[in-house]
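One structure below.
Chain letters run A, B, ... following the sequence lines, proteins first and then strands; every chain starts at 1.
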Amino acid sequence: MFLQPYQPDIIEKKWQKIWEENNTFTAKDDFSKPKFYALIEFPYPSGAGLHVGHPRSNTALDIISRKRRMEGFNVLYPIGWDAFGLPTENYAIANHVPPAKVTKDNIDHFRRQLKRIGFSFDYSREINTTDPHYYRWTQWIFLKLFEHGLAYKAQMPINWCTSCKVGLANEEVVDGVCERCGSEVVRKVKNQWMLRITQYAQKLLDGLDTVDFIDRVKSQQRNWIGRSDGAEVTFQIKDSDTDLEVFTTRPDTLFGATYMVVSPEHPLIEKLSDRITNLTDLIDYRTQAGKKSDFERTELVTAKTGLPIKGIVAINPANGQEIPVWVSDYVLMSYGTGAIMAVPGHDARDWEFANTFKLPIVEVVAGGDVSIAAHADIEEGVLVNSGFLNGLTVIDAKEKMMQFIIEKGIGNRKVNYKLRDWVFSRQRYWGEPIPIIHCENCGTVPLKESDLPLILPEVEAYELTDSGESPLALMTDWVNVPCPVCGGAAKRETDTMPQWAGSSWYFMRYCDPHNDSAFASAEALDYWMPVDWYNGGMEHTTLHLLYSRFWHLFLHDIGQVKAPEPYQKRTSHGMILGENGEKMSKSRGNVINPDIMIDEIGADAFRMYEMFMGAFDQAIPWNNNGARGCKRFLDRLWRLQEILDVKAKGLSPGLEVAVNSTLKKVTEDYERMKFNTAIAAMMSLVNDFYAAGIVRPDEFKALLKILSPVAPHICEELWQIQGYGDPIYMQPWPGYDENKLQSDMVEIAVQINGKIKGKLMVASSLSKLEGEEILPVSDEVMALLDGKKIVKTIFVPGRLLNLVVK
RNA sequence: GCCGAUGUGGCGAAAUGGCAGACGCGGCAGAUUCAAAAUCUGUUGUCCGAGAGGACAUGUCGGUUCAAGUCCGACCAUCGGUACCA
């Protein structure tokens, strides 16, 4: 019989058309069915187009989604575009085209690319964060946050390019200079919108205990939120009514505090300026520190800098000693109180600082040698040189000092979080306008909900203004408005929201994307939320993932959504690297274009290689030959038709175990995202068919069903060619026979003293006790013993026999 | 510095504490072909040995165990994140 060759280009187009025409993957709002909501991070439609990293996450959840449909779930697997942001705006500036136009072109390009790969997205629910119908609700959520006191304005430092006269994103600052012009970048204070995410620190922490996130995501979030329990302690400045408050996790070491350090920006310097004798030097130091980012301050590990504040001393409340106060940039205004008590004997950073500036180092916990290094171990050692704490363990001393501090009224218990409030302003054009009006009489006035959306107006030019304001500031017609409260002259806020805004709630919009009276209906949210499975990159663990949990927790608190947590399960994929093992990037010249790959091997082989190339959660270099190997496998699958015995019934006796165990393995491996071993198992099964020289219809059907989530086009085509009835996507997921997972006889290893000395065929049902009784006295085993005496026998059924001999 | 990962053949990797290297890539040899491509068959951790066979092998050093890639301790290297977090 003549066999048509496997032509992926033809069959892939064919099946994509069939799926589209039949709305195969449209999620039904049939709230009576069990639902499954699969979510991938919606892409930023960059000008560079899709890269091979996107399909890794998309294919993984496409496999899960297709499997869930076959298991009878009503599946929502949506796609959209996170389209506000800097690259598009910069492109628009450079090429004098409206960002909206760039965005539309990029989205069209991305959509074409995605459709070629055959993902089972519900394109009818496509969303776009730059669409006013969408960002209307982003603005609405902002108004709610404002209404509940979670949005506020504060003076915050930004990166400021002295030459371009613009605020820069961290990413645009390279080695302390402006990425574009190479000029010096300084930190300039601006009045910025902030979101009070810190108010949710504890909830964000507690919520992690209720969700199924992979461990490394949980620990990264926990560490980012960074709860620490300690004390706030007040130190008096001698001969003044001023005091200095510090946070410490080690109140037990208070007797060892030999000096204090404040951040260069600390208000104490202004407050006591008339007593400080080296004020000029301190201001200079502050200016220098202002040129460094927090990151640089933290990078300078070895060379600690600092200055004493001359003219003042502080008093250690534990022992009444006078101790100097220093300024150093390693103390940041943004954490704790912006001041520390330094205990050089028991803190590595303080020890470095004290060593550099020859400040006294006192041991207060025995067990180390503080002349060589700080002894920071809290498990070991008892207190010394510490008055009433002497002889206590660190744990006990902490508690006793805590009580002392409270009784004396010089401090209290305090929980601190590393987490900082979220800077929500951007002096940029391509973002959601912040729906606020500033009125001289009424102050900060929110827009009425009925006035939303506040449309982002078209402007002449997208460049930032010389004053560093958004280009919107030049739109006087738009900026000047009557105050909604008093009707007097007022001005609109011209800052826009960061790109994170639109992505902080998009998963809710997918539930009901065309709703014009709410961000989504309560029924749709009740049914679809929470997301059952969210896969994305580790790089979004601390920002996007935390921000979106924060917004969802907030919307839950104000009664808008039922569950507190948005994502039931979160997994993460590894990055795909270039063929040379480096991160893929234009500048490295190692970018793989998925379109070219698909032209060569087809979408099915491409999808398959994305999943087969290695462990899903590990970073992996791309290899074109590996991808071609997957095409080769699909060719072999196609040619199985040549050895297909169409009349045979059931499973071949010799392949029952292989077929059943593959069904089980693939079913389980998909769920554990072990796609590479699932595919390897299917490859082995195909090898078994060829070795047997025959494949039966029931075997072929089973293989096509379990392979179809990975390579849907070829499986549907083969299914149709063979006339197996309704398409695979309408078939139920296959089960397997628990009794046919193992052959009757298995080969086990025979070890003598842990070394393999031989092999033995035994019944797979042989129990541990039976084996240990029968096997050592069998002829085969006796022959290996060489007359030695058995001391101990271990039989692991189906695995091995180990004899300890003398 | 801190946090999180990862170290296994020429390469990507696999392995509920139980026969290390499944599956694939690449290589080598052969079949087919006028030839090539494609396909098929065999082979492929390293070292010693003609061979049977043996020894050594999962970053390093220790430990637990009848048995360790897997568990424990210390260290080294690489990658990612980062806000010196007191």
In this structure, how many angstroms lie between the [atom2] atom of [N] and the [atom1] atom of [X], rounded?
X	N	atom1	atom2	answer
A:Glu245	B:C85	CD	P	21 Å
A:Asn753	B:A68	CG	C1'	17 Å
A:Glu265	B:A83	CD	P	15 Å
A:Asp669	B:A14	CG	C1'	11 Å
A:Ile620	B:A5	CD1	C1'	14 Å
A:Gln618	B:G12	CD	P	12 Å
A:Lys674	B:C23	NZ	C1'	13 Å
A:Met538	B:G81	CE	P	11 Å

Considering only the [atom1] atoms, how many Å lie between [N] and [M], rounded to the nearest integer?
N	M	atom1	value
B:G80	B:C71	P	25 Å
B:C47	B:C11	P	14 Å
B:U8	B:A15	P	15 Å
B:G59	B:G7	C1'	6 Å
B:U60	B:U82	P	32 Å
B:G9	B:A36	P	35 Å
B:A77	B:C19	P	33 Å
B:U65	B:G17	C1'	9 Å

Give each protein N/O atom lying under 3.5 Å from an N/O atom of nucleotides 41-44 of chain B, with the pair distance.
none

Query raised in the report: Taking for each residue the nucleotide of RNA chain B with the nearest heavy atom, is it A:Asp215 or A:Gly338 whose nucleotide lies nearer the 5' end?
Result: A:Asp215
Query - Pair A:Arg672 + A:Glu668: basic N to acidic O under 4.0 Å - result: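 The answer is no: the pair does not qualify as a salt bridge.
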Short side-chain N/O contact to [N] OP1/OP2 from [X], under 4.0 Å:
X	N	result
A:Lys631	B:C25	no
A:Lys792	B:C66	yes
A:Ser228	B:A86	yes
A:Arg420	B:C85	no
A:Asn687	B:G24	yes

Less than 3.5 Å apart, any donor N or O on the side chain of [X] or [Y] sitting next to an acceptor on the other?
X	Y	result
A:His544	A:Glu41	no
A:His573	A:Asn535	yes
A:Thr305	A:Tyr285	yes
A:Ser228	A:Asn416	no

Give one of base, sugar-phosphate or nothing for [X], where a contact means two heavy atoms less than 4.0 Å apart.
X	result
A:Arg216	sugar-phosphate
A:Asn623	sugar-phosphate
A:Val804	sugar-phosphate
A:Lys755	sugar-phosphate
A:Gly336	nothing

Side chains of [X] and [Y]: does their closest heavy-atom pair fall under 4.5 Å?
X	Y	answer
A:Tyr417	A:Gln202	yes
A:Pro344	A:Leu359	no
A:Leu332	A:Glu265	no
A:Val262	A:Leu244	yes

Report task. Quick one: closest heavy-atom pair of A:Val343 and A:Asp350, and the distance? Result -> N-OD2, 3.0 Å
For [N], give the paired nucleotide (Watson-Crick: N1-N3 plus N6-O4 or O6-N4; G-U: N1-O2 and O6-N3; both under 3.5 Å), or none.
N	result
B:A22	none
B:A14	none
B:A83	none
B:C75	B:G59

Protein-nucleic acid N or O pairs under 3.5 Å, nucleotides 26-31 of chain B:
| unit_1 | atom_1 | unit_2 | atom_2 | d |
| --- | --- | --- | --- | --- |
| B:G26 | OP2 | A:Arg632 | NH2 | 3.1 |

